[in-house]
S.K.: 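Have a look at this one.
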Amino acid sequence: MKLFKTITIRTPESVELEFTLAGVGNRALALLIDYVLVFLLLSLVSFLASFLSEQLVALFAALGGGADAVDLWLVALALVLSASIYWGYFVGFEAWWQGQTPGKRITKIRVINDTGKPEGVFQATLRSLLRPVDDILFIGFFCILFGQQEKRIGDWLAGTLVVQSEQAVGDAKVTVSTDAKTLALELIEQAMIGNLLPDDFAALREYLQRRKSLTKVARQQLSVDLARQLREIIELEKLPQEEMPAERFLEAVYTAYQQKFGDRRRSYR
């Protein structure tokens, strides 16, 4: 019996990625943590605005001028800053932390788009703008609780999913040669390994796991095609070795990605 729902996404490379949905409990706890942090930030803004207001009022009084206009400007500035914190908190963290806020990172969940790729800035902004709508009368809570894909209104309109940040599965089944491990260190320095998206890495891992079951001709052709595509993605102009077998290059890319992003980026199936 599964406690959490799962969803399978097929990438353009025909690789199936299976994700475990976050669940209403994890999402509620993450939101509570985030709201506590937002409240602390807003309290700090309120305190600074009050302190600054007192100082300016005293200054204008000493100069013999009125401070009413100053108070209005400070109130307006505090409101703008508070709104920016409320919406910017979620947009900023989700856009730059691979779909995670502090609350989501603590509860080990994250936001992705419906294709399995990382959440974009536009999607994070749309989700944040619609958050108040989801909070009204717990509309978002009920949408998550009874929806097949556990989406709130913001998720439906932004085209996003909230999933668990699980460890990559199947990595132990990938055999990598010693030469590939050495070449991986060179690739980290010479190539843009960070250009690889989770679904790119999933396609690479899928091939390395299943290559022994392929015919010799199919294995050779597929390895060459995949190596060519990955070389373009990581912007590698020159191979570390002039005559490098395609499979060794793929193993090196796989190892380089694992070494550089193993603790920060997760790939799923």
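These numbers were taken from a predicted model, which means no experiment stands behind them.
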S.K.: Could you check whether the rings of Phe90 and Tyr35 sit parallel, tilted or perpendicular, using 30° and 60° as the cut-offs?
M.R.: perpendicular
S.K.: Which distance, rounded to the nearest 0.5 Å, do you find between the CD of Gln100 and the CZ of Arg105?
M.R.: 5.0 Å
S.K.: Before you tell me yes or no, could you show the steps for Leu197 and Asp200 under side chain to side chain contact (heavy atoms under 4.5 Å, CB included), namely the whole-Å CA-CA distance, both residues' side-chain angles and the distance that decides it to 0.1 Å?
M.R.: CA-CA 5 Å; Leu197 296 175; Asp200 298 324; 3.5 Å; yes
S.K.: At what distance, to the nearest 0.5 angstrom, does CD1 of Ile33 lie from CD1 of Ile106?
M.R.: 4.0 Å
S.K.: Mind checking whether Val133 and Leu157 sit in one hydrophobic cluster, side chains of I, L, V, M, F, W, Y counted as touching below 4.5 Å?
M.R.: yes
S.K.: Do Leu226 and Phe201 sit in the same hydrophobic cluster, where Ile, Leu, Val, Met, Phe, Trp and Tyr count as joined when their side-chain heavy atoms come under 4.5 Å apart?
M.R.: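 Cluster IDs for Leu226 and Phe201 match.
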S.K.: Tell me whether the guanidinium CZ or amine NZ of Arg231 lies under 6.0 angstrom from the six-membered ring centre of Phe249 and within 45° of its axis.
M.R.: no
S.K.: Looking at Leu42, is its backbone amide N or carbonyl O close enough to the side chain of Ser82 to form a donor-acceptor pair, meaning the two atoms are under 3.5 Å apart?
M.R.: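 No: the side chain of Ser82 does not pair with the backbone of Leu42.
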S.K.: Does a donor on one side chain sit under 3.5 Å from an acceptor on the other, for Ser223 and Arg211?
M.R.: no
S.K.: Can you tell me how far apart CG (Leu208) and OG1 (Thr255) are? Round to the nearest 0.5 Å.
M.R.: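 Result: 8.5 Å between the selected atoms.
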S.K.: Decide side chain to side chain contact (heavy atoms under 4.5 Å, CB included) for Val24 and Glu150; before the verdict, give the C-alpha distance in whole Å, the side-chain angles of both, and the deciding distance to 0.1 Å.
M.R.: CA-CA 8 Å; Val24 68; Glu150 297 185 354; over 6 Å; no
S.K.: Let me confirm one number: the CG-CD distance from Asn195 to Glu235, rounded to the nearest 0.5 Å.
M.R.: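 Asn195 CG to Glu235 CD: 5.0 Å, rounded to 0.5 Å.
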S.K.: Tell me, with the steps shown, if Arg152 and Arg127 meet side chain to side chain contact (heavy atoms under 4.5 Å, CB included).
M.R.: CA-CA 9 Å; Arg152 62 179 178 86; Arg127 292 183 81 252; 3.6 Å; yes
S.K.: Check the hydrophobic clustering (I, L, V, M, F, W, Y; side-chain heavy atoms under 4.5 Å; chains of links allowed) and say if Ile234 and Ile188 are grouped together.
M.R.: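 Different hydrophobic clusters.
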S.K.: Might you point out which heavy atoms bring Gly103 and Asp34 nearest each other, and give the distance in Å?
M.R.: N-OD1, 2.8 Å
S.K.: Is any side-chain heavy atom of Leu31 less than 4.5 Å from a side-chain heavy atom of Asp135?
M.R.: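 Of all side-chain heavy-atom pairs linking Asp135 with Leu31, at least one is under 4.5 Å.
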S.K.: More than 12 foreign heavy atoms under 6.0 Å from CG of Leu40: is that the case here?
M.R.: yes
S.K.: Restricting to non-hydrogen atoms, name the atom on Ala95 and the atom on Ala124 that form the minimum distance, rounded to 0.1 Å.
M.R.: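 That would be N-CB, 4.5 Å.
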S.K.: Does one hydrophobic cluster hold both Leu196 and Leu236, with members joined at side-chain heavy-atom distances below 4.5 Å?
M.R.: yes
S.K.: Measure the CD1-CD distance between Ile144 and Gln149 for me, rounded to the nearest 0.5 Å.
M.R.: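 It is 12.5 Å, given to the nearest 0.5 Å.
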S.K.: Can you label the angle between the Phe141 ring and the Phe138 ring as parallel, tilted or perpendicular, going by 30° and 60°?
M.R.: perpendicular
S.K.: Determine, stepwise, if the pair Asp114 / Lys151 fulfils salt bridge (Lys or Arg N to Asp or Glu O under 4.0 Å).
M.R.: CA-CA 11 Å; Asp114 287 340; Lys151 290 189 173 190; 2.9 Å; yes
S.K.: Give, for atom CG of Asn26 and atom CD1 of Ile109, the distance between the pair rounded to the nearest 0.5 Å.
M.R.: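 Atom-to-atom, Asn26:CG and Ile109:CD1 are 5.5 Å apart.
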S.K.: Can you find a pair of side-chain heavy atoms, one from Glu247 and one from Arg219, that are under 4.5 Å apart?
M.R.: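 Yes, at least one pair of side-chain atoms sits under 4.5 Å.
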S.K.: In terms of side-chain heavy atoms, does Asn113 have a donor or acceptor partner in Thr115 at a distance below 3.5 Å?
M.R.: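 Judged by distance alone, the side chains do pair up.
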S.K.: Which atoms form the tightest heavy-atom contact between Leu129 and Trp87, and what is the distance?
M.R.: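 So the two residues come closest at CA-NE1, 3.5 Å.
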S.K.: How far apart are the closest heavy atoms of Gln259 and Ala184, and which atoms are they?
M.R.: OE1-CB, 4.4 Å
S.K.: So Leu250 and Tyr207, side chain to side chain contact (heavy atoms under 4.5 Å, CB included) or not? Walk me through it.
M.R.: CA-CA 9 Å; Leu250 294 177; Tyr207 167 77; 3.6 Å; yes
S.K.: How far apart are the C-alpha atoms of Arg228 and Asp225, what are their side-chain angles, what is the distance that settles it, and do they pass the salt bridge (Lys or Arg N to Asp or Glu O under 4.0 Å) test?
M.R.: CA-CA 5 Å; Arg228 185 182 298 112; Asp225 291 342; 3.3 Å; yes
S.K.: Would you say Ile233 and Leu222 are hydrophobically clustered, going by side-chain heavy atoms of ILVMFWY under 4.5 Å?
M.R.: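 Ile233 and Leu222: one cluster.
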S.K.: Is the distance from the ring center of Tyr89 to that of Phe93 below 6.0 Å?
M.R.: yes
S.K.: Minimum heavy-atom separation for Arg110 and Lys104, please, with both atom names.
M.R.: CA-CD, 4.4 Å
S.K.: So which heavy atom on Ile193 is nearest to which on Leu187, and how close?
M.R.: CG1-O, 4.0 Å
